[in-house]
Amino acid sequence: MLVLLLLSVLGSTHTAVALSSNHSLPPGVTLSGNIRELDGEEFEYIVVGAGAAGAPVAARLALAGASVLLVEAGGDPDPTSWVPAAFLSLYGSDMDYQYETISNNVSCLSLLNRACQASRGKCLGGSTTTNYMMYVRGNRHDYDAMNITGWSWKHMEPYFLRYEGLQDLNLLPPSSIPYHNTTGTMKIEFFKQSNDPWHSKLINGYEALNFPRNPDVNGVSQIGVSRIIGYTYNNERMSTARGYLGRDDVKRKLKVAKYTRCTGVIIDDDNVTRGITVVHGPSNATLRLYASREVILSAGALVTPQLLMLSGIGPADHLNEMGIPVRVDLPVGNNMKDHALVSVFIKVEDKLNLLKGILNTAEKNSSLASILLTRGGSIGVTDVVSFVNTLCYDFDKRQLTGNSSACELPTTQYFHLYADKGMIAIRGPEIKIRMGLDDSVINQLSEINKKYAVITVSTIVLQPKSSGTVRLASVDPFQPPAIFPNYLSDDRDVEEIVRGIRITEQLTQTPTFKAAGASLMRLELKGCPSSSQDSAAYWRCYARHLTYSTFHSVGTSALGRVLDARLRVLGVARLRVADAGALPRLPRGNTAAAVIALGERLADFLLDDNIN
Ligand SMILES: Cc1cc2nc3c(=O)[nH]c(=O)nc-3n(C[C@H](O)[C@H](O)[C@H](O)COP(=O)(O)OP(=O)(O)OC[C@H]3O[C@@H](n4cnc5c(N)ncnc54)[C@H](O)[C@@H]3O)c2cc1C
Ligand SMILES: *[C@@H]1O[C@H](CO)[C@@H](O)[C@H](O)[C@H]1NC(C)=O
Ligand SMILES: *[C@@H]1O[C@H](CO)[C@@H](O)[C@H](O)[C@H]1NC(C)=O
Ligand SMILES: *[C@@H]1O[C@H](CO)[C@@H](O)[C@H](O)[C@H]1NC(C)=O
Ligand SMILES: *[C@@H]1O[C@H](CO)[C@@H](O)[C@H](O)[C@H]1NC(C)=O
Ligand SMILES: *[C@@H]1O[C@H](CO)[C@@H](O)[C@H](O)[C@H]1NC(C)=O
Ligand SMILES: *[C@@H]1O[C@H](CO)[C@@H](O)[C@H](O)[C@H]1NC(C)=O
Ligand SMILES: *[C@@H]1O[C@H](CO)[C@@H](O)[C@H](O)[C@H]1NC(C)=O
Ligand SMILES: *[C@@H]1O[C@H](CO)[C@@H](O)[C@H](O)[C@H]1NC(C)=O
């Protein structure tokens, strides 16, 4: 998490701008209206938000010949975002909403104001333009467990396959073939192989703990250590902006209103949705836009509930408190689930000094161009991911031993990052601002990193028991919502993290790690017992300090609770939701794949339901 890749150390945004290729996206439309009446145009469909779900919904409708307006608060992505290795530089940038959240005092304690951060992409492609590009669908059991008619894995699988354009099927075993499609619009491929020696060392380490080497987390099994596939194509990011909106056939047909912010949904006295209100253009004019068929909210799990509540759809007591007339009393913003993440740091002696190597190359070539061109697609060790059910791990034998069917359901996912010697010191002030970490933690990491390389291992709780809420902070649509993630409020999540960290501790004692003099850093944290006195208590306390989010929030306008099985908002007509908030539960893995599939599926619903 903390570690910034070489590229973000050396490559300023300007360098990347000059270098990155020019993916052509649809031009923006200027919306006009009768200024006095504030009435704007009418479309058949209006889709709010051009992210993981909104882009596929709008593109599919447009391709089917419908008149569609896609409304997006942001604009075109900054060219840096095309370069996979620059992903960390997008965090906290102009393309990131970087919402503040409300502290629960038991998580994120080493962050400023003891509050977690909530990153979300603000541009075409939404968070698929700023995310870590890991292509993971989750476990098929997660979909069956939704227990909603028509939403089992059997029903969802065709939608995952519909958009997948896997370029590297030949690198997967034959058993993987039925699980993939090679011709879908979202072209994906393995991240370019990095030269980072820790790439293979990490895999060796996990193998020494009897983690199977899993060739395909989206195939037969999820368990083990894997090199995962990325949302990249020709070594550049494959966002939904590129995969859907950049297509020539879509560009010809779809209208996209950029820098246009939806402020509410227009619903008439008969509970029929008529359109939306937006603020658009350089003068921030407010316009009413009309949809003759349907409005689709795809503004993400944090903003869609805000728009619903502003429009009178939400928990009655909260709406009353905010002075908003209640149209439909629904549990909007409740049961928000997200993958909490805790990072630990392993110091390793590293003979190879990548940073120095790159600096030398840069000096010789006098141009940072070569670095971007040769390393732009590689992403260090971030494509090494492992999945495990920690209850199937034998801590005495130091082995993953269980192989029952329950052990096929992972409880923990690990991410990895490598920081070359000296990197944290160089980037300290920026890390502090962007990541919001307090001085004491930054200073300790920076001190160690002066002498050692640091491998960050992040433990993710895949099925957290804790849940949070989204509420209105204000009736002003320009104010961000009140986000209360409430990570680690259930102690069982902390126990899962501690088991995860214990496995990482044993990873550092495997032969490959020992040979590199590896050891797990025990940061001194204010308010935590010393690790030598009570190591279990120390790691529990540590987890509550070094908590981060994986930015996978779901459930805030969920299927079954707020939406019917065709993603229609209950109690009003012609209003649907497709985004991460519509997922009633977290998949065991990263969320974008499921959210894109949801967008594909909603397009089918709309086209089916509106034919008659
Ligand atoms: C830093 C980060 C890393 C991640 N890493 C991964 C990963 O490696 N793999 C993975 O699968 N998932 C990852 N995720 C999660 C994944 O990207 C999200 O789950 C997914 O993008 C959510 O899709 P969405 O459609 O709900 O919202 P988004 O993709 O966020 O799209 C919402 C869109 O709505 C727009 N919008 C918001 N409010 C308004 C408004 N009022 N009016 C108009 N437009 C509006 C936003 O600007 C945005 O474009 C990551 C997320 C983040 C933030
Ligand atoms: C990018 O492409 C667009 C449309 O094809 C073109 O107008 C623009 O000049 C290009 N920009 C660059 C930097 O090549
Ligand atoms: C967290 O602590 C602050 C300061 O003591 C307090 O105001 C706030 O209500 C607490 N929050 C929760 C969720 O307990
Ligand atoms: C699934 O839903 C049905 C109907 O709502 C309910 O009766 C049943 O108990 C649920 N099953 C599980 C495993 O939750
Ligand atoms: C694979 O993708 C293509 C292109 O989108 C699509 O036509 C085809 O139906 C997909 N295959 C499967 C099995 O879904
Ligand atoms: C609108 O929906 C609300 C909540 O479902 C209901 O109480 C009200 O009667 C509806 N109004 C009309 C005109 O249907
Ligand atoms: C329009 O709104 C944006 C964002 O709130 C603000 O930065 C800008 O100054 C506003 N422009 C005008 C002309 O009011
Ligand atoms: C210098 O960088 C360019 C790309 O900008 C590359 O083609 C060339 O091979 C590099 N030269 C050396 C000596 O590395
Ligand atoms: C699972 O474990 C049992 C008992 O240890 C062993 O006999 C069996 O071969 C294992 N099966 C697999 C698929 O590894």
Side-chain angles (χ1 to χ4, degrees), residues 1 47-57 70-75 77 87-88 90-92 95-98 117-138 144-149 228 230-231 239-241 257-264 267-272 276 278-280 297-304 306-307 310 312-313 326-330 338-339 382-383 385 415 477-478 480-481 548-554 556 560 570-573 577-583 586-587 589-596 598-599:
M1 226 33 220
V47 180
V48 177
V57 173
L70 175 59
V71 172
E72 168 53 47
F87 71 105
L88 281 178
L90 308 176
Y91 190 82
M95 280 190 293
D96 184 354
Y97 287 94
Q98 195 68 299
Q117 297 180 326
S119 169
R120 286 296 183 287
K122 183 185 190 179
C123 52
L124 296 187
S127 303
T128 69
T129 296
T130 58
N131 74 12
Y132 304 164
M133 296 160 286
M134 299 179 186
Y135 176 61
V136 180
R137 296 177 188 160
D144 294 338
M146 287 204 263
N147 192 22
I148 295 171
T149 309
I228 53 159
Y231 293 95
S239 61
T240 56
K258 302 176 188 176
Y259 302 107
T260 304
R261 184 160 170 162
C262 175
T263 52
I267 304 172
D268 70 15
D269 292 340
D270 295 324
N271 293 335
V272 177
I276 60 171
V278 296
V279 169
H280 169 77
L297 298 180
S298 298
L302 305 178
V303 178
T304 289
Q306 181 187 20
L307 293 173
L310 288 170
I313 301 166
V326 180
R327 185 179 292 277
V328 196
D329 178 10
L330 285 174
D338 190 8
H339 288 140
T382 53
D383 68 335
V385 164
F415 296 161
F478 285 94
Y548 249 92
S549 169
T550 318
F551 315 119
H552 290 172
S553 299
V554 302
T556 49
L570 298 169
V572 291
V577 173
D579 58 27
L583 293 172
L586 277 165
N590 310 61
T591 38
V595 181
I596 300 169
L598 202 73

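As the structure lists them, so they are numbered: ligands from 1, and atoms in each ligand from 1.
Under 4.0 angstrom from ligand 1, the non-hydrogen atoms of V595 all belong to its side chain. Under 4.0 angstrom from ligand 1, the non-hydrogen atoms of M133 all belong to its backbone.
The option with the heavy atom closest to atom 14 (N) of ligand 1, from among V303, V47, T130, N131, is N131.
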For ligand 6, find each of its N or O atoms that sits under 3.5 Å from a protein N or O atom, and tabulate the pairs with distances to one decimal place.
residue, atom, partner, partner atom, Å
ligand 6, 2 (O), N271, ND2, 2.1
ligand 6, 11 (N), N271, ND2, 2.9

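Nearest to atom 2 (C) of ligand 1 among the protein's heavy atoms is F551 CD1, 3.6 Å. What sits closest to atom 30 (O) of ligand 1 on the protein, heavy atoms only, is S127 OG, 2.7 Å.
Residue V48 has no nitrogen or oxygen atom sitting less than 3.5 Å from a nitrogen or oxygen atom of ligand 1, judged on distance alone. Ligand 1 has a nitrogen or oxygen under 3.5 angstrom from a nitrogen or oxygen of Y132. Between E72 and ligand 1, at least one pair of N/O atoms sits closer than 3.5 Å. The N/O atoms of G74, backbone and side chain alike, include none that comes under 3.5 Å of an N/O atom in ligand 1. Between A53 and ligand 1, a contact under 3.5 Å exists for at least one N or O pair.
Remark: Q306 engages V303, L310, L472, P481 in a side chain to side chain contact (heavy atoms under 4.5 Å, CB included) (not counting sequence neighbours).
Using the six-membered ring where Trp is involved, F551 and Y91 have ring planes that are tilted, between 30° and 60° apart.
At least one heavy atom of T260 sits less than 4.0 Å from an atom of ligand 1. Y97 counts as a contact of ligand 1, since one of its heavy atoms falls under 4.0 Å from the ligand. Residue contact check for ligand 1: C123 places a non-hydrogen atom closer than 4.0 Å to it.
Contact atoms of ligand 1 toward N590: 7 (C), 8 (O), 9 (N), 10 (C), 11 (O), 12 (N) (distance under 4.0 Å to a heavy atom of the residue). Within ligand 1, counting atoms from 1 as listed, the ones closer than 4.0 Å to a heavy atom of S298 are 32 (C), 33 (C), 34 (O).
With contacts defined as side-chain heavy-atom distances shorter than 4.5 Å, the pair L583/V595 qualifies. Residues I596 and Y135 form no side-chain contact, since every pair of their non-hydrogen atoms from C-beta on lies 4.5 Å or further apart.
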